[in-house]
Amino acid sequence: MSEVRVRFAPSPTGFFHIGGARTALFNWLYARHTGGRFVLRIEDTDRQRNTAEALRVILEGLHWLGMDWDEGPEAGGDYGPYFQSERSSIYLDYLGKLKDADRVYEKDGAVYFRLEGERYRAYDNYKKCEVEKVKAAPQVIDDLVRGRVERAEEQDFVLFRRNGEPGFHFVNVVDDLTMGITHVIRGEDHLSNTSKHCELFKAFGEEPPVFAHIPLILKGSGSGKMSKRDEGSLVEEYRRRRFIPEAVRNYLCLLGWSPKDDREKMDIEEVIRLFDLSGINSNNARFDERKLAFMNTAYLREMSRKRFSGEAWDYLVRAGVLKEIGVDTSGWDQRDKRYFEEVMKLCQEKARSIEDLPHFVGYFFTEDYPIDSGAARKVLKQGDPHARLREIRRALEEVASFSEAKLEEKVNELSERTGARPGDYIHPTRLAVSGTNVGPSFYGLLCMLGKARVLNRIDRFLSATPAPV
RNA sequence: GUCCCCUUCGUCUAGCCCGGCCCAGGACACCAGGUUUUCAUCCUGGCGACAGGGGUUCGAAUCCCCUAGGGGACGCCA
């Protein structure tokens, strides 16, 4: 039994589509599961938009999602070149084979593949014209996901365009053949192309590889498959929005595949161990951003404090997001950095995403934080929050040094004395010192800010916000 | 229009191949409670599906047929 060789063959368009990423992932998983090789081949024939930048988007996207390739750009390999634009002589060579077998002809300057079978003319309701059709023998595809699929081609198709460049079906087959690809794992949208490909393999006198057509990813709302124009369809978008790559990768694994038990959040090693083509289901999957977001939050919760803080630093400081809300981080020293880490430690169990962090932690770094109007409405609408604030301010002033236990004790003591509930103090105080009604542990939050800032913020709030009538 | 694929909760899915253990399990979302500290955390509970119709069978989500619906392909794009 020869080694499994699979490939991902993207066309560098400048985008890395989430569907393409899932296809790459399934190929990669299969290679890693079987101990085979994962080949990256760049389908860059006939594209002026084929720039180094466009290639970079794909390569970086793959790296980001944790996929490495054994052969291809940056990796090399014995089956190169891995760019179709550099394989012209191979294509010419293989065209020669078809010529020798008398399976090609020229028409309008293009080279066509000639199907074998009885010819007839028929009106094509789709193309709205009369065309020549062929009664070719049906091709049988033993698809690992779909089972046995039969489909007959009925029209000759283009191998080489008038401009001399080879077309997709031809290069695809020649490359898979010459690169020794054993399993073609690709989207179901290629299933109806596969009969063309089988025709070509046979015309070359070769056995086609094993096919596995995986379900398509449908757009989150509306109908149809997800396309580059759809919101949330690009890998780089999630990267930009600071999603955790492991979370995106984990979510993608679950679109069309499952471990057959109730597990969802899984280490990649475990997925590799369990992944198999026979376990892929055949119905299309709708993309659910909310579940992705949930997965992302789950990864955030469980990652090390060090990494969480690192991710936050990367976004808030290095990418300059804190600067955008008026925090100058350029003069930060070791103490500031330690403070930053402490803040992140406090927030990790509550924050939903890295992306939301500016709103979630901004008030730790600036006195100029906004008071959320919705939160204010909610908190200030009942009781006498201003009176409670004055009371808690006095109580807090008496605490010599802030600690969570001390503060909790003090607030409980206060509420016992006045008969107000702890929440009557907590809500307005959180609003005053953070501008919002949600956030990390209340007492932890006060400790983090420290006595001076807390008292100061309460004072400022008291004088700036009129008591409701 | 032609051909191909698909059809279990709103969504992702388990179960289907090898019919009884399924008046269908899990997760997201949603809703309701709880954690004598709020909350976007955490815990508990609830809501909620075998597309429809015919067969086969003692018995069908599971096998067969039809209908309907969804998706894809039909490019000198990939």
Side-chain angles (χ1 to χ4, degrees), chain A residues 9-11 13 43-47 84 107-112 122-128 133 138 141 143 145-147 149-155 157-169 171-172 187-196 213 215-216 218 220-221 223-225 251 254-265 278 281-295 297 301 347-353 356 360 375 379 404 407-408 411-412 415 421-431 436-445:
Chain A
S11 173
T13 56
E43 306 223 333
D44 59 349
T45 55
D46 168 60
R47 303 257 83 152
Q84 289 186 334
K107 195 175 87 182
D108 304 326
V111 178
Y112 280 75
Y123 183 77
D124 188 312
N125 220 335
Y126 178 72
K127 289 176 184 156
K128 304 291 178 204
K133 293 196 173 180
I141 305 148
D143 193 283
V145 175
R146 321 259 144 202
V149 177
E150 260 188 51
R151 189 172 184 282
E153 277 308 310
E154 49 180 24
Q155 279 183 67
F157 53 93
V158 170
L159 261 21
F160 272 72
R161 293 189 268 267
R162 191 174 6 196
N163 66 7
E165 285 173 346
F168 165 71
H169 301 297
V171 293
N172 203 265
E188 199 231 39
D189 48 347
H190 285 292
L191 187 53
S192 22
N193 287 330
T194 306
S195 40
K196 285 188 186 70
H213 286 93
L216 263 22
L218 270 24
S221 59
S223 66
K225 65 172 173 173
Y251 176 69
L254 263 17
L255 248 32
W257 178 85
S258 85
K260 309 300 174 200
D261 54 30
D262 294 338
R263 280 175 301 169
E264 295 202 321
K265 184 170 181 293
S278 60
N281 56 235
S282 46
N283 43 317
N284 293 165
R286 197 171 281 277
F287 192 81
D288 186 355
E289 290 175 73
R290 289 179 305 183
K291 185 141 184 174
L292 205 208
F294 166 83
M295 191 64 81
T297 304
R301 291 279 175 276
C347 294
Q348 184 175 0
E349 66 165 352
K350 287 294 179 64
R352 268 184 173 163
S353 66
D356 284 346
F360 200 76
V379 171
E404 295 199 31
L407 291 173
E408 180 164 4
V411 170
N412 286 340
S415 81
R421 291 166 306 181
D424 293 333
Y425 291 103
I426 291 167
H427 294 302
T429 306
R430 180 190 285 280
L431 179 70
T436 171
N437 61 338
V438 297
S441 147
F442 176 68
Y443 297 112
L445 156 63

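In what follows, chains carry the letters A, B, and so on, assigned in the order in which the sequence lines appear, proteins first and then strands, with residues in each chain numbered from 1.
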Pairwise P distance, C6(B) and G45(B) [rounded to whole Å]:
37 Å
Separation of atom NZ in K128(A) from atom P in U2(B), rounded to whole Å
11 Å
For A27(B), which nucleotide in any strand shown is its Watson-Crick or wobble partner with both distances under 3.5 Å?
U11(B)
Give a yes or no on this: more than 12 heavy atoms of other residues, nucleotides or ligands lie within 6.0 Å of atom CZ of R263(A).
yes
What's the gap between G15(B) and C74(B) when it is taken at their C1' atoms, as a whole Å value?
36 Å
Expressed as a whole number of Å, how far does the C1' atom of C65(B) sit from that of G72(B)?
25 Å
Work out how far the C1' atom of C50(B) is from that of U8(B), and round it to whole angstrom.
4 Å
Side-chain donor or acceptor of R161(A) paired with backbone N/O of G167(A) under 3.5 Å
no
Does U62(B) pair with anything, Watson-Crick or G-U wobble, both distances under 3.5 Å, and if so, with which nucleotide?
none
Side chain proximity check, H213(A) to V149(A), heavy atoms < 4.5 angstrom:
no
Determine the interatomic distance between C1' on U57(B) and the same-named atom on C63(B); round to the nearest Å.
10 Å
Expected string for nucleotides 18-40 of chain B under the B/S/- scheme (protein heavy atoms, under 4.0 Å, primed atoms plus P, OP1, OP2 as sugar-phosphate) is --------BBSS-------BBBB
d(CG, N283(A); C1', A49(B)) in whole Å
14 Å
Quick one: what's the B/S/- string for nucleotides 64-76 of chain B, heavy-atom cutoff under 4.0 Å, read 5' to 3'?
-------BBSBSB
Distance between P atoms of C66(B) and A73(B) (Å, rounded):
26 Å
RNA chain B: E154(A) or W257(A), which has the more 5' nearest nucleotide?
E154(A)
For H427(A), which residues count as a ring pair (Phe, Tyr, Trp, His ring centres under 6.0 Å) partner, sequence neighbours excluded?
none
Both distances under 3.5 Å, Watson-Crick or G-U wobble: report the partner of G69(B), or none.
C6(B)
With a 4.0 Å cut-off on heavy atoms, is L159(A) in touch with a base, just the backbone sugar-phosphate, or nothing at all?
nothing
Counting N and O atoms only, with roles assigned by atom type, does the side chain of R151(A) sit under 3.5 Å from a partner on the main chain of P138(A), one being a donor and the other an acceptor?
no
Taking C-beta and beyond as the side chain, do P259(A) and W257(A) meet within less than 4.5 Å on heavy atoms?
yes
With both distances kept under 3.5 Å, what pairs with U44(B), Watson-Crick or G-U wobble?
A32(B)
What integer distance in Å separates R146(A):CZ from C17(B):P?
19 Å
When both hydrogen-bonding distances must be under 3.5 Å and the geometry is Watson-Crick or G-U wobble, what is C74(B) paired with, if anything?
G1(B)
Expressed in whole Å, how much space separates the P atoms belonging to G48(B) and G26(B)?
14 Å
Hey, what do you get for CG (D143(A)) to CD (E188(A)), rounding to the nearest 0.5 Å?
9.0 Å
Using a heavy-atom cut-off of under 4.0 Å over every strand shown, decide if G256(A) touches base, sugar-phosphate, or nothing.
sugar-phosphate
Under 3.5 Å donor-acceptor, S11(A) side chain and T13(A) backbone
no
Measuring only the P atom in each nucleotide, how far is G52(B) from G46(B)? A whole number of Å is fine.
25 Å
Examine distances only and state if a side-chain atom of Y251(A) and a backbone atom of D288(A) form a donor-acceptor pair shorter than 3.5 Å.
yes
For T297(A) and A351(A) the tightest heavy-atom approach is CG2-O, 4.2 Å
